[in-house]
Amino acid sequence: MNAIKLSKYFVRGLVTFALGLCTASMAADQADFDALWNEANEKRKAAAAINYEWRDTGEFLETAKKEQAAGNHTVALALIAKALEQGSDALAQAEREKDLWQARVPK
Amino acid sequence: MKGKIILLSSIVLATVGISAYAGPEQDRVAFQKFFHDKFPRTPKADFINGIYSIDAASREQWLEIEEFPPYEIAIEEGEELFNTSFKNGKSYADCFENDGKNSRKNYPYFDPKRAEVVTLELAINDCRVANGEEPLKYAKGKLAAISAYLSFVSRGERINVVIPDNAGALQAYENGKEFYYRKRGQLNFSCFDCHGAASGQRVRADRLSPALGHVSHFPVYRSKWGGMGTLHRRFKGCNEQVRAKGLNPQSQAYKELEYFLSYMSNGLEFNGPGARK
């Protein structure tokens with residue numbers, strides 16, 4: 001085996017390895033995304049079930065899916081973070097209002 | 001002995017509860033008084049005119065619009081639809097007494113058998129479905145036209161929602177009430193924040209109308225919509241203004257909201273359809 005052949009194998013191995021890493025990280029990105037997306041969507045649904053969903057939450061989640069599909073992982077995650085925050089805030093609002101509304105009724 | 005004491009104390013508690021909150025009628029009296037006190041110069045019967053009952057400047061323009069009302073076409077369309085027979089030979093007149101005249105005042109009501117609030121729009125679609133026709137969409141279009149016609153031939157009748165002695169009916173009323181006073185949406189407003197406490201104030205280009213009389217004149221022609229819309233279309237729009245997700249017209253929550261809000265206006269006249277900005 002000469003030196004040229006050796007280095008050819010080496011390069012080929014390196015490329016395969018790098019590709020593997022890349023695929024693995026993409027798969028991890030996708031798994032991350034799916035888990036977070038589902039979490040945010042569950043929050044949204046919980047708020048919707050008590051008529052407390054906010055207007056834009058669903059749209060953030062839809063757009064997140066599109067961005068993820070287009071490879072814009074960071075943008076997609078930022079959108080999910082917004083949806084997650086809105087879902088939590090909406091649920092907290094519903095909880096807070098459980099008693100507060102009574103004070104607004106004209107007596 | 002112990003049992004008797006428990007019984008006695010629960011009777012006492014129940015009595016205290018009753019005297020603290022006597023129910024819808026007590027709510028209605030306080031609700032109407034709130035607006036009568038807030039707008040002492042508005043004649044009590046005039047609250048059916050929404051923002052124009054408290055805003056002299058825009059009232060002038062509106063009166064001019066009312067001379068050639070933009071909802072007239074919808075009334076005509078609604079009349080024609082109302083008088084067109086279904087495929088089975090029957091028509092709306094078989095569902096609404098007296099050719100629909102003065103039928104507006106019968107809605108909304110609570111139907112104990114169905115255990116739900118029945119609105120005029122729901123009754124129109126029920127009539128269609130019972131006669132083998134497809135239901136219509138609830139926010140605008142043909143359904144709003146039929147509703148406009150029935151409102152027109154019921155003008156001058158008084159809003160008179162009755163809450164029967166039925167746990168379901170009272171619950172529906174309470175749900176509607178709670179919906180009205182709860183803050184929601186990203187902007188964190190309740191209906192009453194805008195149409196009660198802040199009514200008369202300006203938000204952007206609009207002044208906020210008082211909630212008293214809100215249901216009297218629907219459906220309305222809105223220039224912003226470029227057409228007619230039902231009361232529930234308006235509910236949805238107001239929910240979305242505060243960045244809450246609007247609900248579907250004729251969803252349980254909106255029917256109950258209409259039930260509550262109509263009860264609050266008991267005694268006022270129906271004057272629909274209306275024209276609004």
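When each of E240(B), K177(B), K183(B) is checked for heavy-atom pairs under 4.5 Å with chain A, K183(B) comes out on top. Ranked by heavy-atom pairs shorter than 4.5 Å toward chain A, the options R184(B), R243(B), R182(B) are led by R182(B).
Under a cut-off of 6.0 angstrom, the local environment of NZ in K224(B) is sparse, with at most 12 non-hydrogen atoms contributed by other residues, nucleotides or ligands. By the neighbour-count criterion of 12 heavy atoms within 6.0 Å, atom CG of D37(B) is densely surrounded, having more than that number from other residues, nucleotides or ligands. The neighbour count for Q186(B) CD, taken as heavy atoms of other residues, nucleotides or ligands under 6.0 Å away, is above 12. By the neighbour-count criterion of 12 heavy atoms within 6.0 Å, atom NZ of K38(B) is densely surrounded, having more than that number from other residues, nucleotides or ligands. More than 12 non-hydrogen atoms from other residues, nucleotides or ligands lie less than 6.0 angstrom from OH of Y173(B). The 12-atom threshold is not exceeded at NZ of K140(B), counting heavy atoms of other residues, nucleotides or ligands nearer than 6.0 Å.
No side-chain heavy atom of P106(A) sits less than 4.5 Å from a side-chain heavy atom of K33(B). Between Y181(B) and Q102(A) the shortest side-chain heavy-atom distance does not fall below 4.5 Å.
Looking at F179(B), the atoms closer than 4.5 Å to chain A (heavy atoms on both sides) all sit in the side chain, from C-beta outward. Proximity to chain A (any heavy atom under 4.5 Å) is shown, for N239(B), by neither the backbone nor the side chain. Residue contact with chain B, scored on non-hydrogen atoms closer than 4.5 Å, involves the side chain of Q86(A) exclusively.
The OG1 atom of T57(A) lies 9.0 Å from the NZ atom of K245(B); values are rounded to the nearest 0.5 Å.
At a heavy-atom cut-off of under 4.5 Å, chain B is reached by Q93(A), A94(A), R96(A), E97(A), K98(A) from residues 88-100 of chain A, listed in order of number.
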